[in-house]
2 protein chains.
Amino acid sequence: MSTSQGQRDAASASADDTENSRTPFYLQLRDRIAAQIATGQLSAHSRLPSERTLSEQYQTTRVTARLALGQLEAEGKLYRSNRRGWFVSPERIIYDPSLDVSFTDYVTKQGGVPRTETLQSTSLTVPAWLAQKSGLEEGSEIYHIQRRRYIDGRAILTENIYVNPAVCPGLLRFDFNQSLWKLMRHEYSVSLSDKHVTMYPTALTEPQAGILGVTPGTAGLYVNRISRNSEGVFIEFDEEFWLHDALCISVHAKG
Amino acid sequence: MSTSQGQRDAASASADDTENSRTPFYLQLRDRIAAQIATGQLSAHSRLPSERTLSEQYQTTRVTARLALGQLEAEGKLYRSNRRGWFVSPERIIYDPSLDVSFTDYVTKQGGVPRTETLQSTSLTVPAWLAQKSGLEEGSEIYHIQRRRYIDGRAILTENIYVNPAVCPGLLRFDFNQSLWKLMRHEYSVSLSDKHVTMYPTALTEPQAGILGVTPGTAGLYVNRISRNSEGVFIEFDEEFWLHDALCISVHAKG
DNA sequence: AAGTGGTCTAGACCACCAC
DNA sequence: TGGTGGTCTAGACCACTTG
(Lines give C-alpha, C1' and ligand atoms only; values in the text may rest on other atoms or scores of the structure.)
Protein backbone atom coordinates (compact mmCIF):
# COMPACT_ATOMS: atom_id res chain seq x y z
CA MET A 1 0.00 0.00 0.00
CA SER A 2 2.98 2.33 -0.12
CA THR A 3 1.71 3.70 -3.42
CA SER A 4 -1.64 4.71 -2.06
CA GLN A 5 0.04 6.29 0.95
CA GLY A 6 2.09 8.45 -1.37
CA GLN A 7 -1.01 9.53 -3.23
CA ARG A 8 -2.70 10.39 0.01
CA ASP A 9 0.04 12.70 1.11
CA ALA A 10 0.16 14.33 -2.28
CA ALA A 11 -3.57 14.82 -2.20
CA SER A 12 -3.62 16.61 1.13
CA ALA A 13 -0.16 18.22 1.16
CA SER A 14 -0.55 21.83 2.36
CA ALA A 15 0.45 22.63 5.92
CA ASP A 16 1.92 20.78 8.87
CA ASP A 17 5.03 19.65 7.06
CA THR A 18 7.14 21.34 9.67
CA GLU A 19 8.17 17.99 11.14
CA ASN A 20 10.28 15.38 9.43
CA SER A 21 7.64 12.64 9.68
CA ARG A 22 4.67 11.92 7.44
CA THR A 23 1.22 13.04 8.45
CA PRO A 24 -0.75 9.88 9.21
CA PHE A 25 -3.66 9.28 6.91
CA TYR A 26 -6.32 9.54 9.59
CA LEU A 27 -5.16 13.09 10.30
CA GLN A 28 -5.27 13.93 6.62
CA LEU A 29 -8.79 12.57 6.53
CA ARG A 30 -9.64 14.56 9.67
CA ASP A 31 -8.45 17.72 7.97
CA ARG A 32 -10.44 17.06 4.83
CA ILE A 33 -13.64 16.56 6.77
CA ALA A 34 -12.84 19.55 8.96
CA ALA A 35 -12.46 21.64 5.84
CA GLN A 36 -15.92 20.61 4.68
CA ILE A 37 -17.28 21.73 8.03
CA ALA A 38 -15.37 25.01 7.97
CA THR A 39 -16.60 25.89 4.49
CA GLY A 40 -20.16 25.06 5.37
CA GLN A 41 -20.51 22.15 2.95
CA LEU A 42 -21.45 20.29 6.11
CA SER A 43 -23.59 22.44 8.37
CA ALA A 44 -24.59 22.07 12.02
CA HIS A 45 -26.53 18.90 12.83
CA SER A 46 -26.18 17.52 9.32
CA ARG A 47 -25.32 13.85 9.05
CA LEU A 48 -22.11 12.50 7.56
CA PRO A 49 -21.99 9.55 5.20
CA SER A 50 -21.79 6.21 6.99
CA GLU A 51 -18.42 4.91 8.19
CA ARG A 52 -18.48 2.27 5.47
CA THR A 53 -19.21 4.85 2.79
CA LEU A 54 -16.44 7.10 4.05
CA SER A 55 -13.95 4.23 4.10
CA GLU A 56 -14.74 3.43 0.48
CA GLN A 57 -14.75 7.05 -0.57
CA TYR A 58 -11.29 7.62 0.87
CA GLN A 59 -10.03 4.12 0.09
CA THR A 60 -9.29 3.08 3.61
CA THR A 61 -10.78 0.86 6.30
CA ARG A 62 -13.47 1.56 8.85
CA VAL A 63 -10.91 1.52 11.66
CA THR A 64 -8.94 4.34 10.09
CA ALA A 65 -12.07 6.29 9.19
CA ARG A 66 -13.21 5.93 12.79
CA LEU A 67 -9.87 7.28 13.98
CA ALA A 68 -10.44 10.41 11.92
CA LEU A 69 -14.03 10.76 13.12
CA GLY A 70 -12.90 10.20 16.70
CA GLN A 71 -10.40 13.04 16.36
CA LEU A 72 -13.08 15.43 15.16
CA GLU A 73 -15.31 14.27 17.98
CA ALA A 74 -12.53 14.95 20.48
CA GLU A 75 -12.09 18.42 19.02
CA GLY A 76 -15.81 19.01 19.42
CA LYS A 77 -16.47 19.33 15.69
CA LEU A 78 -18.53 16.16 15.32
CA TYR A 79 -20.80 14.19 17.60
CA ARG A 80 -22.47 10.84 17.25
CA SER A 81 -25.89 9.69 18.18
CA ASN A 82 -26.10 6.15 19.45
CA ARG A 83 -26.24 3.93 16.35
CA ARG A 84 -27.66 6.58 14.10
CA GLY A 85 -24.56 8.14 12.67
CA TRP A 86 -22.16 11.07 12.89
CA PHE A 87 -23.32 14.67 12.92
CA VAL A 88 -21.77 18.11 12.76
CA SER A 89 -21.62 19.85 16.14
CA PRO A 90 -23.31 23.24 16.39
CA GLU A 91 -21.62 26.21 18.05
CA ARG A 92 -20.91 25.82 21.73
CA ILE A 93 -23.33 27.45 24.14
CA ILE A 94 -21.66 30.12 26.22
CA TYR A 95 -22.46 29.47 29.84
CA ASP A 96 -21.59 31.14 33.12
CA PRO A 97 -22.24 28.71 35.98
CA SER A 98 -21.64 31.44 38.53
CA LEU A 99 -24.69 33.42 37.44
CA ASP A 100 -28.25 32.38 38.05
CA VAL A 101 -29.42 32.87 34.52
CA SER A 102 -31.92 30.39 33.23
CA PHE A 103 -30.77 27.72 30.79
CA THR A 104 -33.81 28.40 28.66
CA ASP A 105 -32.97 32.08 28.47
CA TYR A 106 -29.36 31.87 27.43
CA VAL A 107 -29.89 29.03 24.98
CA THR A 108 -32.71 30.95 23.33
CA LYS A 109 -30.64 34.14 23.29
CA GLN A 110 -27.88 32.28 21.49
CA GLY A 111 -30.19 30.98 18.83
CA GLY A 112 -30.82 27.47 20.11
CA VAL A 113 -34.03 25.66 20.96
CA PRO A 114 -33.92 24.48 24.57
CA ARG A 115 -35.96 21.73 26.16
CA THR A 116 -35.94 20.27 29.65
CA GLU A 117 -37.22 16.91 30.86
CA THR A 118 -37.65 16.04 34.50
CA LEU A 119 -36.58 12.44 35.01
CA GLN A 120 -37.13 12.27 38.75
CA SER A 121 -38.31 14.44 41.58
CA THR A 122 -38.35 12.80 44.94
CA SER A 123 -37.57 13.30 48.59
CA LEU A 124 -34.53 11.47 49.95
CA THR A 125 -32.54 11.28 53.13
CA VAL A 126 -29.19 13.05 53.01
CA PRO A 127 -26.38 10.59 52.22
CA ALA A 128 -22.96 10.91 53.84
CA TRP A 129 -21.21 12.56 50.90
CA LEU A 130 -23.88 15.25 50.64
CA ALA A 131 -23.91 15.84 54.38
CA GLN A 132 -20.24 16.60 54.15
CA LYS A 133 -20.60 19.04 51.26
CA SER A 134 -23.73 20.78 52.48
CA GLY A 135 -23.37 20.79 56.24
CA LEU A 136 -26.83 19.24 56.54
CA GLU A 137 -27.27 16.39 58.94
CA GLU A 138 -26.94 12.91 57.48
CA GLY A 139 -30.34 11.25 57.27
CA SER A 140 -32.35 14.48 57.23
CA GLU A 141 -34.70 15.22 54.37
CA ILE A 142 -33.54 16.54 51.00
CA TYR A 143 -35.27 17.10 47.67
CA HIS A 144 -33.74 15.42 44.66
CA ILE A 145 -34.51 16.42 41.10
CA GLN A 146 -32.97 14.80 38.07
CA ARG A 147 -33.30 16.45 34.69
CA ARG A 148 -32.16 16.09 31.12
CA ARG A 149 -31.74 19.09 28.90
CA TYR A 150 -31.69 19.43 25.15
CA ILE A 151 -30.54 21.96 22.64
CA ASP A 152 -32.03 21.66 19.16
CA GLY A 153 -33.34 18.23 20.04
CA ARG A 154 -29.96 16.88 21.12
CA ALA A 155 -29.59 15.80 24.74
CA ILE A 156 -26.53 17.68 25.94
CA LEU A 157 -26.66 17.59 29.71
CA THR A 158 -28.10 15.71 32.64
CA GLU A 159 -28.10 16.99 36.17
CA ASN A 160 -28.85 16.02 39.74
CA ILE A 161 -30.09 18.78 41.97
CA TYR A 162 -30.35 18.50 45.75
CA VAL A 163 -32.35 21.27 47.41
CA ASN A 164 -32.60 22.09 51.08
CA PRO A 165 -36.31 21.67 51.97
CA ALA A 166 -35.95 24.17 54.79
CA VAL A 167 -35.62 27.01 52.30
CA CYS A 168 -38.08 25.68 49.70
CA PRO A 169 -40.80 23.74 51.51
CA GLY A 170 -43.20 21.96 49.19
CA LEU A 171 -40.94 22.47 46.19
CA LEU A 172 -41.76 19.11 44.65
CA ARG A 173 -45.29 20.11 43.71
CA PHE A 174 -43.95 22.39 40.97
CA ASP A 175 -43.10 21.63 37.36
CA PHE A 176 -39.33 21.42 36.86
CA ASN A 177 -39.35 21.64 33.12
CA GLN A 178 -38.97 25.36 33.65
CA SER A 179 -36.18 27.27 35.32
CA LEU A 180 -35.60 26.09 38.86
CA TRP A 181 -33.90 29.32 39.83
CA LYS A 182 -36.77 31.44 38.65
CA LEU A 183 -39.06 29.21 40.67
CA MET A 184 -36.95 29.56 43.78
CA ARG A 185 -36.72 33.30 43.37
CA HIS A 186 -40.38 33.96 42.66
CA GLU A 187 -42.04 31.38 44.88
CA TYR A 188 -39.62 31.36 47.78
CA SER A 189 -37.69 34.64 47.40
CA VAL A 190 -34.49 32.68 47.67
CA SER A 191 -31.35 34.45 46.53
CA LEU A 192 -28.11 32.62 45.98
CA SER A 193 -25.21 34.78 46.92
CA ASP A 194 -22.35 32.40 47.56
CA LYS A 195 -21.56 29.85 44.91
CA HIS A 196 -18.70 27.44 44.74
CA VAL A 197 -18.29 25.95 41.28
CA THR A 198 -16.04 22.99 40.56
CA MET A 199 -15.52 21.42 37.17
CA TYR A 200 -13.27 19.11 35.25
CA PRO A 201 -13.22 17.28 31.93
CA THR A 202 -13.87 13.57 32.13
CA ALA A 203 -15.53 10.78 30.21
CA LEU A 204 -19.22 10.13 30.59
CA THR A 205 -19.86 6.66 31.93
CA GLU A 206 -23.00 4.87 33.05
CA PRO A 207 -25.52 5.96 34.09
CA GLN A 208 -25.02 9.43 32.56
CA ALA A 209 -23.92 8.09 29.17
CA GLY A 210 -27.12 6.06 28.98
CA ILE A 211 -29.27 9.02 29.97
CA LEU A 212 -27.75 11.13 27.21
CA GLY A 213 -27.84 8.30 24.70
CA VAL A 214 -24.11 8.29 24.02
CA THR A 215 -21.43 5.62 24.04
CA PRO A 216 -19.73 5.19 27.42
CA GLY A 217 -16.42 6.99 27.28
CA THR A 218 -17.77 9.96 25.36
CA ALA A 219 -15.92 13.07 26.46
CA GLY A 220 -17.82 15.23 28.92
CA LEU A 221 -17.49 18.03 31.39
CA TYR A 222 -18.46 17.53 34.99
CA VAL A 223 -19.66 20.69 36.74
CA ASN A 224 -20.94 21.01 40.26
CA ARG A 225 -22.10 23.98 42.24
CA ILE A 226 -22.82 24.51 45.90
CA SER A 227 -25.03 27.52 46.56
CA ARG A 228 -25.69 29.26 49.85
CA ASN A 229 -27.56 32.40 50.76
CA SER A 230 -25.96 35.46 52.29
CA GLU A 231 -26.20 33.94 55.77
CA GLY A 232 -24.28 30.89 54.63
CA VAL A 233 -27.31 28.59 54.71
CA PHE A 234 -27.04 25.72 52.25
CA ILE A 235 -29.57 26.03 49.44
CA GLU A 236 -28.68 23.57 46.72
CA PHE A 237 -26.07 21.23 45.39
CA ASP A 238 -26.22 20.76 41.64
CA GLU A 239 -24.09 18.42 39.57
CA GLU A 240 -24.18 18.58 35.80
CA PHE A 241 -22.80 16.19 33.21
CA TRP A 242 -22.33 17.97 29.89
CA LEU A 243 -21.28 16.67 26.52
CA HIS A 244 -17.86 18.21 26.12
CA ASP A 245 -18.55 19.87 22.79
CA ALA A 246 -21.75 21.56 23.87
CA LEU A 247 -20.47 24.37 26.00
CA CYS A 248 -17.98 27.11 26.53
CA ILE A 249 -17.61 28.26 30.12
CA SER A 250 -17.28 31.98 30.60
CA VAL A 251 -16.71 33.51 34.02
CA HIS A 252 -16.22 37.12 35.06
CA ALA A 253 -14.25 37.83 38.20
CA LYS A 254 -14.06 41.30 39.67
CA GLY A 255 -11.93 42.54 42.51
CA MET B 1 -15.26 -16.98 20.30
CA SER B 2 -18.62 -17.13 22.05
CA THR B 3 -17.10 -19.44 24.67
CA SER B 4 -14.40 -17.02 25.69
CA GLN B 5 -16.95 -14.20 25.80
CA GLY B 6 -19.01 -16.17 28.26
CA GLN B 7 -16.00 -16.74 30.48
CA ARG B 8 -15.22 -13.08 30.42
CA ASP B 9 -18.62 -12.06 31.62
CA ALA B 10 -18.58 -14.72 34.31
CA ALA B 11 -15.19 -13.51 35.46
CA SER B 12 -16.26 -9.90 35.90
CA ALA B 13 -19.98 -10.22 36.58
CA SER B 14 -20.82 -7.86 39.45
CA ALA B 15 -22.62 -4.61 38.68
CA ASP B 16 -24.01 -2.89 35.63
CA ASP B 17 -26.37 -5.70 34.71
CA THR B 18 -29.27 -3.28 34.93
CA GLU B 19 -29.59 -3.28 31.14
CA ASN B 20 -30.59 -6.18 28.98
CA SER B 21 -27.34 -6.14 26.98
CA ARG B 22 -23.95 -7.67 27.74
CA THR B 23 -21.14 -5.50 29.01
CA PRO B 24 -18.56 -5.32 26.21
CA PHE B 25 -15.23 -6.83 27.07
CA TYR B 26 -13.26 -3.62 26.75
CA LEU B 27 -15.40 -2.13 29.51
CA GLN B 28 -14.87 -5.18 31.68
CA LEU B 29 -11.16 -4.78 31.10
CA ARG B 30 -11.44 -1.07 31.88
CA ASP B 31 -13.08 -1.89 35.20
CA ARG B 32 -10.46 -4.44 36.14
CA ILE B 33 -7.65 -1.99 35.53
CA ALA B 34 -9.60 0.77 37.28
CA ALA B 35 -9.94 -1.50 40.30
CA GLN B 36 -6.17 -1.96 40.42
CA ILE B 37 -5.78 1.80 40.41
CA ALA B 38 -8.45 2.30 43.07
CA THR B 39 -6.88 -0.24 45.40
CA GLY B 40 -3.44 1.23 44.96
CA GLN B 41 -1.91 -1.82 43.30
CA LEU B 42 -1.11 0.68 40.59
CA SER B 43 -0.05 4.00 42.06
CA ALA B 44 0.33 7.46 40.55
CA HIS B 45 2.86 7.69 37.71
CA SER B 46 3.52 3.96 37.73
CA ARG B 47 3.73 2.28 34.35
CA LEU B 48 1.31 -0.34 33.10
CA PRO B 49 2.39 -3.49 31.28
CA SER B 50 2.75 -2.99 27.53
CA GLU B 51 -0.30 -3.20 25.31
CA ARG B 52 0.93 -6.53 23.94
CA THR B 53 1.44 -7.93 27.41
CA LEU B 54 -2.02 -6.80 28.48
CA SER B 55 -3.65 -8.34 25.40
CA GLU B 56 -2.01 -11.68 26.18
CA GLN B 57 -2.76 -11.45 29.88
CA TYR B 58 -6.44 -10.87 29.22
CA GLN B 59 -6.58 -13.05 26.11
CA THR B 60 -7.65 -10.38 23.70
CA THR B 61 -6.14 -8.26 20.95
CA ARG B 62 -4.24 -5.02 21.09
CA VAL B 63 -7.15 -3.16 19.53
CA THR B 64 -9.48 -4.17 22.34
CA ALA B 65 -6.86 -3.52 25.01
CA ARG B 66 -6.34 -0.08 23.53
CA LEU B 67 -10.06 0.56 23.70
CA ALA B 68 -9.99 -0.15 27.42
CA LEU B 69 -6.89 1.99 27.94
CA GLY B 70 -8.46 4.76 25.88
CA GLN B 71 -11.52 4.72 28.14
CA LEU B 72 -9.39 5.12 31.23
CA GLU B 73 -7.48 7.88 29.52
CA ALA B 74 -10.76 9.66 28.70
CA GLU B 75 -11.81 9.33 32.32
CA GLY B 76 -8.53 10.88 33.39
CA LYS B 77 -7.29 7.77 35.18
CA LEU B 78 -4.44 6.94 32.83
CA TYR B 79 -2.18 8.98 30.59
CA ARG B 80 0.34 8.01 27.99
CA SER B 81 3.71 9.37 27.20
CA ASN B 82 4.62 9.40 23.53
CA ARG B 83 5.88 5.89 22.74
CA ARG B 84 6.96 5.12 26.25
CA GLY B 85 3.85 3.53 27.65
CA TRP B 86 0.77 4.04 29.79
CA PHE B 87 0.91 5.54 33.26
CA VAL B 88 -1.44 6.11 36.16
CA SER B 89 -2.64 9.70 36.44
CA PRO B 90 -1.98 11.48 39.72
CA GLU B 91 -4.68 13.49 41.50
CA ARG B 92 -5.92 16.53 39.63
CA ILE B 93 -4.49 19.88 40.64
CA ILE B 94 -7.16 22.19 41.98
CA TYR B 95 -6.88 25.47 40.20
CA ASP B 96 -8.75 28.76 40.32
CA PRO B 97 -8.01 30.74 37.17
CA SER B 98 -9.79 33.79 38.58
CA LEU B 99 -7.22 34.24 41.35
CA ASP B 100 -3.69 35.43 40.84
CA VAL B 101 -2.05 32.68 42.81
CA SER B 102 1.22 31.37 41.48
CA PHE B 103 1.26 27.97 39.75
CA THR B 104 4.37 27.09 41.71
CA ASP B 105 2.64 27.87 44.99
CA TYR B 106 -0.53 25.89 44.53
CA VAL B 107 1.16 22.89 42.97
CA THR B 108 3.61 22.77 45.83
CA LYS B 109 0.83 23.21 48.37
CA GLN B 110 -0.96 20.24 46.87
CA GLY B 111 2.06 17.99 47.09
CA GLY B 112 3.35 18.22 43.52
CA VAL B 113 6.71 19.26 42.16
CA PRO B 114 6.24 22.14 39.70
CA ARG B 115 8.61 23.22 36.98
CA THR B 116 8.34 25.93 34.35
CA GLU B 117 10.22 26.30 31.09
CA THR B 118 10.20 29.43 29.00
CA LEU B 119 10.03 28.47 25.33
CA GLN B 120 9.92 31.95 23.89
CA SER B 121 9.94 35.55 25.03
CA THR B 122 9.80 38.10 22.29
CA SER B 123 8.27 41.38 21.25
CA LEU B 124 5.62 41.22 18.52
CA THR B 125 3.21 43.50 16.80
CA VAL B 126 -0.42 43.08 17.84
CA PRO B 127 -2.29 40.82 15.40
CA ALA B 128 -5.92 41.51 14.47
CA TRP B 129 -7.49 38.88 16.76
CA LEU B 130 -5.60 40.21 19.77
CA ALA B 131 -6.41 43.80 18.92
CA GLN B 132 -10.06 42.88 19.02
CA LYS B 133 -9.83 41.12 22.37
CA SER B 134 -7.55 43.61 24.09
CA GLY B 135 -8.58 46.93 22.63
CA LEU B 136 -4.94 47.64 21.75
CA GLU B 137 -4.20 49.02 18.33
CA GLU B 138 -3.33 46.51 15.65
CA GLY B 139 0.36 46.69 14.84
CA SER B 140 1.42 48.22 18.15
CA GLU B 141 3.99 46.48 20.33
CA ILE B 142 3.15 43.53 22.56
CA TYR B 143 5.26 41.13 24.62
CA HIS B 144 4.79 37.46 23.94
CA ILE B 145 5.91 34.74 26.32
CA GLN B 146 5.43 31.05 25.68
CA ARG B 147 5.92 28.60 28.51
CA ARG B 148 5.59 24.92 29.29
CA ARG B 149 4.80 23.75 32.80
CA TYR B 150 5.35 20.45 34.48
CA ILE B 151 4.06 18.66 37.51
CA ASP B 152 6.19 15.80 38.83
CA GLY B 153 8.18 15.84 35.62
CA ARG B 154 5.14 15.50 33.37
CA ALA B 155 4.41 18.35 30.95
CA ILE B 156 0.80 19.23 31.66
CA LEU B 157 0.25 22.66 30.18
CA THR B 158 1.58 25.10 27.66
CA GLU B 159 0.61 28.74 27.50
CA ASN B 160 0.92 31.86 25.43
CA ILE B 161 0.95 35.11 27.33
CA TYR B 162 0.58 38.52 25.73
CA VAL B 163 1.43 41.44 27.99
CA ASN B 164 0.79 45.13 27.40
CA PRO B 165 4.24 46.78 27.36
CA ALA B 166 2.72 50.07 28.51
CA VAL B 167 2.10 48.62 31.97
CA CYS B 168 5.26 46.48 32.18
CA PRO B 169 8.02 48.24 30.24
CA GLY B 170 11.19 46.17 29.93
CA LEU B 171 9.45 43.01 31.10
CA LEU B 172 11.40 40.74 28.75
CA ARG B 173 14.65 41.16 30.66
CA PHE B 174 13.29 39.03 33.50
CA ASP B 175 13.35 35.29 34.01
CA PHE B 176 9.93 33.76 33.32
CA ASN B 177 10.59 30.44 34.93
CA GLN B 178 9.13 32.03 38.04
CA SER B 179 5.67 33.39 38.65
CA LEU B 180 4.78 36.07 36.16
CA TRP B 181 2.15 37.56 38.42
CA LYS B 182 4.55 37.93 41.32
CA LEU B 183 6.92 39.64 38.94
CA MET B 184 4.26 42.04 37.73
CA ARG B 185 3.13 42.79 41.23
CA HIS B 186 6.55 43.34 42.76
CA GLU B 187 8.39 44.98 39.89
CA TYR B 188 5.57 46.95 38.34
CA SER B 189 2.96 47.17 41.12
CA VAL B 190 0.39 45.93 38.65
CA SER B 191 -2.83 44.60 40.12
CA LEU B 192 -5.33 42.65 38.07
CA SER B 193 -8.81 43.44 39.17
CA ASP B 194 -11.02 42.50 36.24
CA LYS B 195 -10.61 39.04 34.75
CA HIS B 196 -12.65 37.38 32.10
CA VAL B 197 -12.01 33.64 31.96
CA THR B 198 -13.22 31.43 29.10
CA MET B 199 -12.68 27.71 28.86
CA TYR B 200 -13.86 24.62 27.07
CA PRO B 201 -12.80 21.02 26.63
CA THR B 202 -11.23 20.17 23.31
CA ALA B 203 -8.58 17.95 21.78
CA LEU B 204 -4.97 19.07 21.74
CA THR B 205 -3.68 19.34 18.19
CA GLU B 206 -0.46 20.61 16.72
CA PRO B 207 1.44 22.58 17.77
CA GLN B 208 0.31 22.17 21.39
CA ALA B 209 0.27 18.37 21.26
CA GLY B 210 3.87 18.40 20.07
CA ILE B 211 4.95 20.83 22.78
CA LEU B 212 3.46 18.60 25.46
CA GLY B 213 4.75 15.42 23.84
CA VAL B 214 1.34 13.80 23.41
CA THR B 215 -0.50 12.26 20.49
CA PRO B 216 -2.62 14.72 18.51
CA GLY B 217 -6.21 14.32 19.61
CA THR B 218 -5.36 13.90 23.27
CA ALA B 219 -8.13 15.41 25.36
CA GLY B 220 -7.36 18.83 26.74
CA LEU B 221 -8.85 21.90 28.30
CA TYR B 222 -8.46 25.26 26.67
CA VAL B 223 -8.48 28.19 29.11
CA ASN B 224 -7.99 31.83 28.33
CA ARG B 225 -8.05 34.89 30.49
CA ILE B 226 -8.16 38.60 29.76
CA SER B 227 -7.00 40.74 32.64
CA ARG B 228 -7.45 44.45 33.14
CA ASN B 229 -6.65 46.79 35.98
CA SER B 230 -9.26 48.74 37.91
CA GLU B 231 -9.27 51.48 35.28
CA GLY B 232 -10.08 48.96 32.56
CA VAL B 233 -6.61 49.10 31.01
CA PHE B 234 -5.66 45.85 29.26
CA ILE B 235 -2.84 44.08 31.05
CA GLU B 236 -2.53 40.59 29.68
CA PHE B 237 -4.14 37.92 27.56
CA ASP B 238 -3.19 34.41 28.55
CA GLU B 239 -4.20 31.21 26.81
CA GLU B 240 -3.46 27.85 28.36
CA PHE B 241 -3.67 24.36 26.91
CA TRP B 242 -3.97 21.79 29.69
CA LEU B 243 -4.02 18.04 29.57
CA HIS B 244 -7.58 17.25 30.50
CA ASP B 245 -6.76 14.94 33.40
CA ALA B 246 -4.37 17.32 35.10
CA LEU B 247 -6.72 19.82 36.63
CA CYS B 248 -9.91 20.52 38.46
CA ILE B 249 -11.22 24.06 38.09
CA SER B 250 -12.61 25.60 41.24
CA VAL B 251 -14.17 29.04 41.26
CA HIS B 252 -15.77 31.02 44.07
CA ALA B 253 -18.43 33.56 43.18
CA LYS B 254 -19.79 35.95 45.77
CA GLY B 255 -22.65 38.36 45.42
C1' DA C 1 18.99 -3.95 19.17
C1' DA C 2 14.86 -4.67 21.38
C1' DG C 3 10.62 -3.07 22.82
C1' DT C 4 7.06 0.42 22.82
C1' DG C 5 3.07 2.70 21.12
C1' DG C 6 1.26 4.62 16.45
C1' DT C 7 -0.85 3.42 12.33
C1' DC C 8 -3.22 0.46 9.21
C1' DT C 9 -5.44 -3.63 6.80
C1' DA C 10 -9.41 -6.76 5.84
C1' DG C 11 -12.31 -8.89 7.42
C1' DA C 12 -16.42 -10.59 11.14
C1' DC C 13 -20.72 -10.68 14.08
C1' DC C 14 -23.92 -8.14 17.02
C1' DA C 15 -27.36 -4.66 18.85
C1' DC C 16 -30.07 -1.20 17.72
C1' DC C 17 -32.68 2.07 14.76
C1' DA C 18 -35.46 3.60 11.00
C1' DC C 19 -38.35 2.21 7.42
C1' DT D 1 -35.48 -5.82 7.07
C1' DG D 2 -31.57 -3.42 5.80
C1' DG D 3 -28.30 -0.22 7.27
C1' DT D 4 -25.95 1.96 11.10
C1' DG D 5 -22.47 2.17 14.51
C1' DG D 6 -20.38 -0.93 18.34
C1' DT D 7 -17.33 -4.50 19.21
C1' DC D 8 -13.76 -7.69 18.12
C1' DT D 9 -10.16 -10.65 15.71
C1' DA D 10 -5.35 -11.50 13.96
C1' DG D 11 -2.32 -10.00 11.97
C1' DA D 12 1.35 -6.14 9.73
C1' DC D 13 4.89 -2.35 9.31
C1' DC D 14 6.71 1.99 11.09
C1' DA D 15 8.72 5.66 14.23
C1' DC D 16 10.53 6.41 18.19
C1' DT D 17 12.60 5.58 22.92
C1' DT D 18 15.38 3.17 25.83
C1' DG D 19 19.19 0.48 27.15
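The sequence lines fix the lettering, A, B, ..., with proteins before strands; numbering per chain opens at 1.
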- Message: Counting the atoms with a prime plus P, OP1 and OP2 as sugar-phosphate, which does Ser81(B) contact under 4.0 Å by heavy atoms, base, sugar-phosphate, or nothing?
- Response: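 Contact class for Ser81(B): none.
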- Message: Under 4.0 Å, heavy atoms only, any strand: does Arg80(B) hit a base, just the sugar-phosphate, or nothing?
- Response: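 Sugar-phosphate, no base atom in range.
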Separation of atom [atom1] in [X] from atom [atom2] in [N], rounded to whole Å:
X: Arg83(B); N: dC14(D); atom1: CZ; atom2: C1'; result: 8 Å
X: Arg62(B); N: dT9(C); atom1: CZ; atom2: P; result: 15 Å
X: Arg52(B); N: dT9(D); atom1: CZ; atom2: P; result: 16 Å
X: Glu51(A); N: dA15(C); atom1: CD; atom2: P; result: 18 Å
X: Leu54(B); N: dG3(C); atom1: CG; atom2: P; result: 16 Å
X: Leu67(A); N: dT7(C); atom1: CG; atom2: P; result: 7 Å
X: Leu69(B); N: dC8(D); atom1: CG; atom2: P; result: 14 Å

- Val113(B) backbone acceptor or donor facing Asp152(B) side chain under 3.5 Å: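 Judged by distance alone, yes, a pair lies under 3.5 Å.
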- Under 3.5 Å: donor-acceptor pair, side chain of His45(B), backbone of Pro90(B):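 Not a single qualifying donor-acceptor pair exists.
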Nearest-nucleotide pick for [X], side chain only, options being [options]:
X: Thr215(A); options: dT4(D), dT4(C), dT7(D); answer: dT7(D)
X: Arg66(A); options: dT4(D), dT7(D), dA10(D); answer: dT7(D)
X: Thr61(A); options: dG5(D), dA10(D), dT9(C); answer: dT9(C)
X: Val63(A); options: dT9(C), dG5(D), dT7(C); answer: dT9(C)
X: Pro24(B); options: dT4(D), dT7(C), dC8(D); answer: dC8(D)

- Task: Please round to the nearest 0.5 Å and tell me the distance separating atom CZ of Arg92(B) and atom CD1 of Ile151(B).
- Result: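 That separation rounds to 12.0 Å.
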- Output, in order, the C-alpha distance, side-chain angles, deciding distance and verdict of salt bridge (Lys or Arg N to Asp or Glu O under 4.0 Å) for Arg30(B) and Glu75(B). CA-CA 10 Å; Arg30(B) 171 199 67 179; Glu75(B) 292 172 28; 3.4 Å; yes
- In dot-bracket notation, what is the pairing pattern of DNA chain C, taking Watson-Crick (N1-N3 plus N6-O4 or O6-N4) and G-U wobble (N1-O2 and O6-N3) contacts under 3.5 Å, with [ ] crossing and | for other strands? ||||||||||||||||||.
